[in-house]
There are 2 protein chains.
Amino acid sequence: MAGLHDVAKLSGVSKSTVSRVINNESGVKASTKEKVQKAIDVCGYVANQVARDLQSQKTNLIGVIVPRMYSNATAKGLDGLSSIIDQAGKYVLLANSQQNHAQEIEYIKRFNQKRVEGILLYATHLDSALVDAIKQSTAPVVLIGQDGSLFNIPSVIYDDLSVGFSAGQRLLAAGAANIVFIGVNSQDIAVDQCRFEGLRQALQHTKQLSPLFHSRGEFSIESGYQQAKQLLIDWPQLDGLFCATDRIAIGAMKAISESDKVPGKDIKVLGVGNDELSQVSTPSLSTFSYAFDLTGEKSANMLLDLIENKQSSVSKLVMSFEIIDRESC
Amino acid sequence: MAGLHDVAKLSGVSKSTVSRVINNESGVKASTKEKVQKAIDVCGYVANQVARDLQSQKTNLIGVIVPRMYSNATAKGLDGLSSIIDQAGKYVLLANSQQNHAQEIEYIKRFNQKRVEGILLYATHLDSALVDAIKQSTAPVVLIGQDGSLFNIPSVIYDDLSVGFSAGQRLLAAGAANIVFIGVNSQDIAVDQCRFEGLRQALQHTKQLSPLFHSRGEFSIESGYQQAKQLLIDWPQLDGLFCATDRIAIGAMKAISESDKVPGKDIKVLGVGNDELSQVSTPSLSTFSYAFDLTGEKSANMLLDLIENKQSSVSKLVMSFEIIDRESC
DNA sequence: TTGAAAGCGTTACCAG
DNA sequence: CTGGTAACGCTTTCAA
């Protein structure tokens with residue numbers, strides 16, 4: 001592959017001059033410029049960015065770590081952040097941990113070797129090993145989806161406590177009193193713990209009630225279906241169901257429909273996320289909408305700030321939500 | 001930031017020896033190894049992969065270009081391909097063209113500067129400018145979703161003609177005779193042209209019929225809704241509808257429901273993609289299932305082959321589909 | 001307006 | 001077993 005050297009030889013000038021032409025610097029005679037340009041075309045020279053990066057000590061690389069791609073939060077988030085990063089003239093180096101915790105830490109290390117300028121981490125949990133890895137990272141890290149501000153890690157999070165609280169209020173207002181929460185993994189503070197806690201507080205505060213049960217499963221329709229099936233047996237008095245995600249809620253509604261109950265009537269159901277599924281299901285699902293794409297943009301901007309100024313003006317950003325009222329509650 | 005040089009000074013050995021320790025090469029006295037290791041820990045040395053890449057002339061980078069992230073095909077595809085690329089010890093450099101054609105060509109160039117080892121391109125169309133850019137690329141390119149084999153570009157595509165043909169047969173078998181196709185952009189050979197052509201051939205071949213109309217819009221529920229609304233006015237005899245994607249079909253069914261017709265009964269509807277939406281809608285949507293994740297894996301493997309052997313054993317891979325029978329047809 | 005040479009942080013080869 | 005030195009392909013001084 002042709003290098004600067006070859007172009008120089010071919011056009012009979014020095015490497016310095018070729019470099020100047022390539023970078024379009026002023027102070028090169030028009031005739032030599034042409035000569036060089038011709039040589040470049042002839043040998044099909046393509047600048048080697050690796051060498052440039054080494055020389056300039058700057059890679060323009062932003063590392064992004066996600067637990068999985070097939071998810072509204074990450075897919076839309078990536079659409080948002082990639083546009084910001086692109087505008088900044090930088091590149092996205094993408095790593096998919098495939099829900100494997102250990103991988104996340106590994107990627108942080110590898111990204112630092114690759115000399116990324118910053119890291120965006122979509123997290124599903126936050127333990128001390130991960131916190132340590134983030135602290136060790138030379139490249140600044142912005143956490144998305146879990147709150148790391150207690151450990152001084154800049155974070156962009158969703159207002160999960162408020163969502164839970166609002167869910168509780170809506171279920172009560174719709175006449176439900178025997179309410180169950182279907183969450184995910186207890187390690188997932190944001191999605192599982194905070195949303196439940198918000199629900200709990202709403203019931204307590206408004207009617208001195210407690211949720212009947214905190215069920216847990218996975219982020220899928222099938223899992224929601226299976227859990228609801230069991231819940232209908234265990235808690236026959238059930239009349240309100242708050243699900244940590246829309247997919248779980250969709251599955252749960254299917255289970256309810258298959259029993260002798262009617263979702264949205266006998267049992268009020270609420271999801272979170274405003275997945276496209278939620279507007280298409282029968283009954284359509286009442287839920288909460290998060291601006292996933294905007295979250296990606298904000299996170300990217302926060303990281304760019306951090307890179308630029310070595311310290312961000314905000315260390316924690318809480319994304320609000322919108323209440324979506326449909327038929328299920 | 002500490003470099004090899006600093007570690008060498010700190011531990012009182014040469015750079016060569018430090019390099020050997022870092023790369024865990026044999027032939028280093030245990031005591032010096034320890035000494036060096038200590039120095040590494042002390043100054044928090046992290047190997048500079050940029051320098052390594054320059055020296056080794058190898059970046060382990062795979063460029064991936066997508067039109068958008070928020071799509072089943074790309075999200076699931078990325079899940080598949082990233083696992084293969086990761087297994088191969090390589091990295092994904094991601095570019096989001098945001099449906100902007102010119103960007104794709106730009107990214108191919110920039111990726112070559114970054115010295116990626118290969119490029120995976122999710123394409124929505126294929127014009128001569130793009131073909132040229134691909135030909136110019138030093139890094140091998142595998143095309144996903146559009147057929148570039150005529151131009152000698154290795155491609156992984158879906159069997160869109162067959163899907164269209166099968167759709168025609170199913171609609172006819174269900175009793176439809178006045179059939180309309182809702183496609184997308186005419187530049188999209190695979191999704192718009194091939195699927196329509198398959199439909200046309202099935203109608204022609206089986207019953208000497210022709211499709212009533214070829215409508216076109218975007219990849220969205222809303223667009224499907226709008227188009228179907230118009231179609232119901234223009235073609236009152238309409239009794240079969242083949243939609244290029246499930247989302248379009250979902251929108252169309254909504255329009256049908258809002259008229260005095262019943263989707264799945266008065267008008268048979270078929271989509272493509274087996275989107276999760278399709279199993280949740282009312283009526284549930286009959287469709288075709290593509291293995292998007294597997295497509296990503298196959299494409300990645302094909303590219304790795306190409307990188308390894310400088311030429312692939314297969315130059316075109318056609319992914320098959322599965323017929324999903326539900327209520328709408 | 002141009003060229004020579006140093007240096008970015010590694011690895012690899014050849015001596016010792 | 002270890003060290004010196006030359007690359008890798010570029011940019012950036014400093015001189016000419």
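Just so it is clear, the structure is predicted and the values come from calculations on it, not from any experiment. Below, chain A is the first sequence line, B the second, and so on; all start at residue 1.
Here the P atom of nucleotide dG3(C) and the NZ atom of K9(A) are 15 Å apart, to the nearest Å. In this entry the distance linking CG of L4(B) with C1' of dA12(C) reads 13 Å, nearest Å. What separates CE of M1(B) from P of dG7(C) is a distance of 22 Å, to the nearest Å. Rounded to a whole Å, the CG atom of N23(B) is 18 Å from the P atom of dC1(D). Between H5(A) atom NE2 and dA4(C) atom C1' the separation is 14 Å, expressed in whole Å. Distance, R20(A) CZ to dG3(C) C1': 8 Å, rounded to whole Å. Separating the NZ atom of K15(A) from the P atom of dA6(C) is a distance of 12 Å, rounded to the nearest angstrom.
Contact check for L304(A) versus I84(A): side-chain heavy atoms found under the 4.5 Å cut-off.
Residues E117(A) and P140(A) come closest through the heavy atom pair O-CD, 3.2 Å.
Judged by distance alone, the side chain of T74(A) and the main-chain N or O of R68(A) form a donor-acceptor pair under 3.5 Å.
Within 4.0 Å (heavy atoms only), G27(B) reaches at least one base atom of the nucleic acid.
Within the 4.0 Å cut-off from OP1 or OP2 of dT2(C), not a single side-chain nitrogen or oxygen of S16(A) is found. Remark: S14(A) is not in phosphate contact with dA4(C), judged by side-chain N or O atoms under 4.0 Å from OP1 or OP2. For dG7(C), neither phosphate oxygen OP1 nor OP2 lies less than 4.0 angstrom from any side-chain nitrogen or oxygen of Q57(A). Proximity of T17(A) to the phosphate of dG3(C): a side-chain N or O atom is located under 4.0 Å from OP1 or OP2.
Counting heavy atoms of neighbouring residues, nucleotides and ligands inside a 6.0 Å radius, atom CD of E308(A) does not exceed 12 of them. By the neighbour-count criterion of 12 heavy atoms within 6.0 Å, atom NZ of K9(B) is sparsely surrounded, having that number or fewer from other residues, nucleotides or ligands. Within 6.0 Å of NZ in K38(A) there are 12 or fewer heavy atoms belonging to other residues, nucleotides or ligands.
For K29(B), the side-chain atoms get nearest to dT2(D) when compared with the rest of dT2(D), dC10(D), dT11(C).
Residue-to-nucleotide contacts include no donor-acceptor pair under 3.5 Å from the side chain of R115(B) to the base of dG9(D).
Across L78(A), T124(A), L121(A), a single residue satisfies side-chain contact (heavy atoms from CB on, under 4.5 Å) together with V66(A), and that is L78(A). Each of K316(A), E297(A), M319(A) was evaluated against V156(A); a single residue qualifies, M319(A), per the side-chain contact (heavy atoms from CB on, under 4.5 Å) test.
Contacts between residues 30-55 of chain A and DNA chain C, defined by a heavy-atom separation below 4.0 Å, involve T32(A), L54(A), Q55(A), listed by number.
For the helix from dT1(C)-dA16(D) to dG16(C)-dC1(D), the end axes, each set by the C1' atoms of five terminal pairs, are bent relative to each other by 40° (nearest 10°).
Taking the six-membered ring for Trp and the full ring otherwise, F292(B) and Y158(B) have centroids separated by under 6.0 Å.
Place V28(A) and E25(B) on DNA chain C by their nearest nucleotides, and V28(A) ends up nearer the 5' end.
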